[in-house]
**Student:** 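This is the structure I want to talk about, given as structure tokens.
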Amino acid sequence: MKYQASEIEPKWQKYWEDHEVYKTDLNNPDKKLYSLVMFIYPSGAKLHCGHWYNYGPADTWARFRKLMGYNVYEPFGYDAFGLPAENYAIKTGVHPLDSTLKNIKDIRAQLKRIGCMYDSNSELMTCDPEYYKWNQWLFLQLYKKGLAYRKKSPVNWCTSCQTVLANEQVLGDGNCERCGSPVIQKNLVQWFFKTTAYADRLLEDMNLIDWPEETKTKQRNWIGRSVGAEVEFKVDGSDEVIKVFTTRPDTLFGVTYVTLAPEHPLVAKLTKPQYKISVEKYVEQTAYLTDIDRQSTTKEKSGVFTGSYAINPINGESVPVWIGDYVLVTYGTGCVMAVPGHDERDFEFAKKFNLPIRKVILQDGTNLEDELTEAFTEAGTMVNSGKFTGLNSIAGKEAIIKDLEKTGDGCAKVNYRLRDWLISRQRYWGTPIPVVYCNSCGEVPVSEDSLPVTLPYDVEFKLQGDSPLRRHAGFMNTTCPKCGGPAERDPDTMDTFVDSSWYYLRYLNPKFKDGMIDTTLTDKWSPVDMYIGGREHSVMHLLYARFVHKFLMDIGLVKTPEPFMRLVHQGTITNQGAKMSKSKGNVVNPEPYIDKYGSDVFRLYLMFMGPYELGGDWNDSGITGAERFAQRLFDMANTYTGWYKSHKSEAKYDLAELSNEEKSVYRYVNKTLAKYQHEMEHLKFNTAIASMMELSNELGKNLAACRPGLQSYTMARVTSMLASLAPHLAEEIASILGREKSLFVEPNQFVPDPEALTVDVVTIAVQISGKMRGTVDMPVDSDQETVFEAAKQNDKTGKFIEGKEIIKVIFVKNKILNVIVKQV
RNA sequence: GCGAAAAUGGCGAAAUUGGCAGACGCGCUAGACUUAGGAUCUAGUGGAGAGAUCCGUGGGGGUUCGAGUCCCCCUUUUCGCACCA
């Protein structure tokens, strides 16, 4: 009989829904397991293979844990704010709310076909005022603590999206992460969250979490902690002071000039009249450069002299002050002390402008007189360094910092590459920023009890280089919460990464009215135990969420420092080598496969393709393998219809009483159970399925020859294993066999019989002089003598030993015998 | 340039601590059953060779009785960062 997925799968989906099989009792946190996938952006496109590859196997792992007896919570929701819906509105006139709600409705129906254990009570969407209200509340809490602030700064501006972007949203090539258009720098007043205040904790707490090392490394690199010193250079003939950050205070004696970023506020002050024209010209030129041009490492160094001199505090030397675009205003202090002898960039700059190069660190094994042909950037012995000469440069760092601290010219300092999170967006479809601007009171936060600041429906979306909300008088004009006078709202909305940095807490009670999160439940259920999603979120989302979670801990809302205890990235499914995307037109639609093979077979195939973390190029040629496997198990069940009722199985069988076929089946079943459980725990779905296929091959040979009770025993275990991998099929099979309730209403996992796992005969590899020559089957734990004798008698291996002089024998019990013979 | 990961049959891939390389699946070959086969079943399937055997995990060295696995060098691919002082 053909397995008709199209009839059977909806049947079980309905059963699960009607019987609320997957409703989690959140008041009972015993053996709780919060298993989460990254929520979905509800675009107009359908769920593609990538979504399935994320959600299907993640659900399989959660089911595996559920059957082990865990109280599993598996929610799902919608990351509903964002640019694509707004861009779609500009193009078609369909309001983002309307298109988003429609998309959610469609996706909900598609999701149902996967057959995941999603708890429908948990569903949330971030565009709901009841959700984004709490984004605003979070903003106000950050504001109170000084962690949300407004400043004018050079920011990334996407020319096509017409909004600013966070640093994390600009790709390496300088283009917009969303649309790929060029990003330019604009000087704007914007809202920031002070992520840098948490930099150290974000680094340190990575010890607490079980995350892929690659992801931790990416975050570490992004945070970019570097330890050094801040040193003050007084400006000759001026009250101004140039602060520099350096990781190499030990090279301070090698400073031959100082360089400021062209945008640095001191530039105008320090430029002498006769250099004004060239400096202004240079600053203007720099402003025209895109970030890519400017940051290209292949670009030749450029810069101009300001006419001013700075005093090196360590030796009182006067050095010229230059400006150069290789100095970034956004990193450190925006000024560097240039040590051309021991820094590649300074070396290049000095060569170009004929500035002196001084050797202050001597490379071991070289002479003081040797000329530097390139910067020596490693540690060595300090030379030409006053009283520090002769000191090892690593010790010299400390010594010089101490000296600077004594004189008040500098101090130890830690710097970060991480910058504060820019959250303002000049777009409509997001959370309004809860701040008003009053002519007399200035910047005033909206009071908490008047939240939410509701996003108006009737706006004009057209992009005019500014937030669409600014043109909505009803929204913009308000009264000042402080003085009651007329005031204007902030026209910008928040980055949608704010929404996604705490949604996992809201899931536990999305309808909660009395606060951002229902702490009676989040205390029990957070942190998330398993989080599965793509590598593309390695930095942005996962870093922001960690930041917000830590902040929530600081204000007492959550009790743990980290949001996601275990993280797994599923691999990417590509098509013809390229990442699937609507614009490339290479998206593989799973629906035809679901129609033809059913959701379970498709899920099985996705998991069987290869290691979960690896992904791979899409190729459907192997799906028939999964189909045959499913069909074979279905056929097998049909030969044992009602078996559970008519033929009760024992809890355990005595090997001595079993026939050879029975023994083989009994051993195989238990061996597979052990293997399967180990593989599933580590999300190695491909090998878990392979082991079940092996079992299925064995059962095809020997199950028919077994006593009926053992057949029931076997099928119960097969069904239990299959339940996580192919839930609909497993339910159907169990029901054919005579089970009366769902497989998922109670723990349903079998412990392998340890006696079945111990073998009495082992196959031992025999090597002669390290070459594989054959194998011998021996009773378990046979000693060297016995195995050696058997190897001599063996047809294949004996002839290599016969008559040879034996030099040495290596023997590993139950594994290998290696006989080293004298070569003739 | 720096950092991370990877490279195994025609293809997707397996290989607890160094111990029978290629499990499992796709495909392919042959056979069976069939009016039919893009169904199912059976057998075979890394390469060379009639065979005994020999050769084989990107390339080159090394450690070891024994290396896909450990060490060194190189090549290629993917990803991340990229003048971060």
Side-chain angles (χ1 to χ4, degrees), chain A residues 2 171-173 212-222 224-226 228 244-248 251 259 261 292 294-299 301 324-328 330-339 342-346 348-349 377 415-419 535-536 538-539 572 574 577 604-605 608-611 613-626 628-629 631-632 635 675 678 682 684 686-697 700 763-775 799 807-812 814-821:
Chain A
K2 174 110 170 70
L171 297 176
D173 60 1
E213 219 30 68
E214 50 160 334
T215 311
K216 289 188 183 180
T217 304
K218 277 180 199 167
Q219 293 213 351
R220 272 189 210 109
N221 291 343
W222 189 264
R225 183 178 198 265
S226 57
V244 302
F245 172 73
T246 178
T247 54
R248 295 295 302 272
T251 64
T259 314
I292 331 157
R294 184 160 164 194
Q295 296 192 356
S296 156
T297 40
T298 52
K299 180 175 148 288
K301 293 276 174 293
D325 68 1
Y326 79 99
V327 181
L328 307 173
T330 44
Y331 184 77
T333 60
C335 314
V336 300
M337 55 177 232
V339 186
H342 305 286
D343 182 282
E344 284 166 32
R345 298 149 300 178
D346 299 341
E348 216 183 298
F349 193 88
T377 57
N415 218 328
Y416 299 92
R417 203 189 81 103
L418 179 74
R419 298 179 207 163
R535 275 175 185 77
E536 65 273 22
S538 292
V539 176
T572 310
T574 54
L604 275 170
Y605 177 61
F608 185 65
M609 274 188 345
E613 274 100 333
L614 202 67
D617 206 49
W618 178 251
N619 181 342
D620 60 12
S621 66
I623 197 167
T624 48
R628 285 175 196 154
F629 171 65
Q631 183 65 47
R632 267 197 286 270
D635 289 343
K675 167 90 173 163
H678 182 265
H682 297 92
K684 293 169 93 173
N686 54 334
T687 45
I689 294 170
S691 73
M692 285 204 64
M693 286 173 166
E694 283 183 71
L695 175 64
S696 147
N697 292 342
T763 303
I764 293 174
V766 179
Q767 296 184 348
I768 314 297
S769 299
K771 277 208 155 135
M772 265 305 299
R773 293 300 179 182
T775 58
K799 61 186 170 186
I807 298 169
K808 196 176 173 185
V809 178
I810 288 126
F811 179 69
V812 180
N814 297 331
K815 282 227 164 117
I816 198 159
L817 178 79
N818 189 359
V819 183
I820 317 299
V821 299

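Residue numbering restarts at 1 for every chain, and letters A, B, ... go by the order of the sequence lines.
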**Student:** Is there a donor and acceptor pair, one atom on the side chain of A:Lys815 and one on the base of B:rU17, closer than 3.5 Å?
**Tutor:** yes
**Student:** Is the phosphate of B:rC79, meaning OP1 or OP2, less than 4.0 Å from a side-chain N or O of A:Arg535?
**Tutor:** no
**Student:** For A:Glu694, which contact category applies under a 4.0 Å heavy-atom criterion: base, sugar-phosphate, or nothing?
**Tutor:** sugar-phosphate
**Student:** So, the side chain of A:Arg248 versus the backbone of A:Thr377: is there a donor-acceptor pair under 3.5 Å, distance only?
**Tutor:** yes
**Student:** Which part of the nucleic acid, if any, lies within reach of A:Lys2 when heavy atoms closer than 4.0 Å are counted: base, sugar-phosphate only, or nothing?
**Tutor:** nothing
**Student:** I'd like to know if the side chain of A:Asp617 pairs up with that of A:Thr574 as donor and acceptor (distance under 3.5 Å, no hydrogens or angles considered).
**Tutor:** yes
**Student:** Rounded to whole Å, how long is the line connecting atom CZ of A:Arg632 with atom C1' of B:rC26?
**Tutor:** 12 Å
**Student:** Could you check how far CG of A:Asn221 sits from P of B:rG3, rounded to whole Å?
**Tutor:** 10 Å
**Student:** May I ask you to verify if any side-chain N or O of A:Lys799 is less than 4.0 angstrom from the OP1 or OP2 atom of B:rU53?
**Tutor:** yes
**Student:** Between C1' on B:rG12 and CH2 on A:Trp618, what's the gap in Å once rounded to a whole number?
**Tutor:** 12 Å
**Student:** Tell me: OH of A:Tyr326 to C1' of B:rC83, nearest whole Å?
**Tutor:** 9 Å
**Student:** Tell me if B:rG27 is syn or anti. Syn = glycosidic torsion within 90° of 0, anti otherwise.
**Tutor:** anti
**Student:** Pick base, sugar-phosphate or nothing for A:Thr624, based on heavy-atom distances below 4.0 Å to the nucleic acid.
**Tutor:** sugar-phosphate
**Student:** Of the options B:rA13, B:rA23, B:rA21, whose atoms approach the side-chain atoms of A:Ala690 most closely?
**Tutor:** B:rA23
**Student:** Between C1' on B:rC81 and OH on A:Tyr331, what's the gap in Å once rounded to a whole number?
**Tutor:** 13 Å
**Student:** Let's see if you can work this out: which of B:rG19, B:rA85, B:rA14 has an atom nearest to the side-chain heavy atoms of A:Pro611?
**Tutor:** B:rA14
**Student:** Can you tell which of B:rG19, B:rA85, B:rC83 lies closest to the side chain of A:Asp325?
**Tutor:** B:rC83
**Student:** Any N or O donor-acceptor pair linking the side chain of A:Lys301 to the base of B:rC83 at under 3.5 Å?
**Tutor:** yes
**Student:** Are any of A:Lys216's side-chain N or O atoms less than 4.0 Å away from OP1 or OP2 of B:rG80?
**Tutor:** no
**Student:** So does A:Arg220 get a side-chain nitrogen or oxygen closer than 4.0 Å to the phosphate oxygens (OP1/OP2) of B:rC2?
**Tutor:** no
**Student:** Measuring from the side chain of A:Thr687 (C-beta onward, heavy atoms only), which nucleotide among B:rA15, B:rG19, B:rA21 has the closest atom?
**Tutor:** B:rA15
**Student:** Let me know the distance between CZ of A:Arg417 and P of B:rA82, rounded to the nearest Å.
**Tutor:** 5 Å
**Student:** Starting at CE of A:Met337, measure out to OG1 of A:Thr246 and round the result to the nearest 0.5 Å.
**Tutor:** 3.5 Å
**Student:** Using a cut-off of strictly less than 4.0 Å, decide whether A:Ser226 has a side-chain nitrogen or oxygen near OP1 or OP2 of B:rA85.
**Tutor:** yes
**Student:** Between A:Asn686 and B:rA14, is there a side-chain N or O to OP1/OP2 distance below 4.0 Å?
**Tutor:** yes
**Student:** So which one's nearest nucleotide on RNA chain B is more toward 5', A:Gly334 or A:Met609?
**Tutor:** A:Met609
**Student:** Please report the distance, rounded to the nearest Å, between NE2 in A:His682 and P in B:rU16.
**Tutor:** 12 Å
**Student:** Ignoring hydrogens and angles, tell me if any N or O in the side chain of A:Arg225 forms a donor-acceptor pair with the backbone of A:Tyr416 under 3.5 Å.
**Tutor:** no
**Student:** A:Asn415 near the nucleic acid: base, sugar-phosphate alone, or nothing, with a heavy-atom cut-off under 4.0 Å?
**Tutor:** nothing
**Student:** Taking the nucleotide of RNA chain B with the closest heavy atom to each, which residue, A:Ile623 or A:Val812, is nearer the 5' end?
**Tutor:** A:Val812
**Student:** Counting only side-chain nitrogens and oxygens, does A:Arg773 get under 4.0 Å of the OP1 or OP2 atom of B:rC54?
**Tutor:** yes
**Student:** Which whole number of Å gives the distance between the C1' atom of B:rA32 and that of B:rG37?
**Tutor:** 14 Å
**Student:** Would you mind reading off the distance between A:Phe629 atom CZ and B:rU40 atom P, rounded to a whole angstrom?
**Tutor:** 15 Å
**Student:** Please determine if A:Lys301 and A:Glu344 form a salt bridge, counting it only when a charged side-chain N lies under 4.0 Å from a carboxylate O.
**Tutor:** no
**Student:** Closest to the A:Ile820 side chain: B:rC65, B:rA85, B:rU16?
**Tutor:** B:rC65
**Student:** State which of B:rA85, B:rC11, B:rC24 makes the closest approach to the side chain of A:Asn619.
**Tutor:** B:rC11
**Student:** Rounding to an integer number of angstrom, what distance separates B:rG46 and B:rA13 when you compare their C1' atoms?
**Tutor:** 14 Å
**Student:** Less than 4.0 Å between a side-chain N and a carboxylate O, is that true for A:Glu214 and A:Arg535?
**Tutor:** yes
**Student:** So A:Thr246, base contact, sugar-phosphate only, or nothing? Heavy-atom distance under 4.0 Å.
**Tutor:** sugar-phosphate
**Student:** Would you mind classifying the nucleic acid contact of A:Leu614 as base, sugar-phosphate or nothing, using non-hydrogen atoms under 4.0 angstrom?
**Tutor:** sugar-phosphate
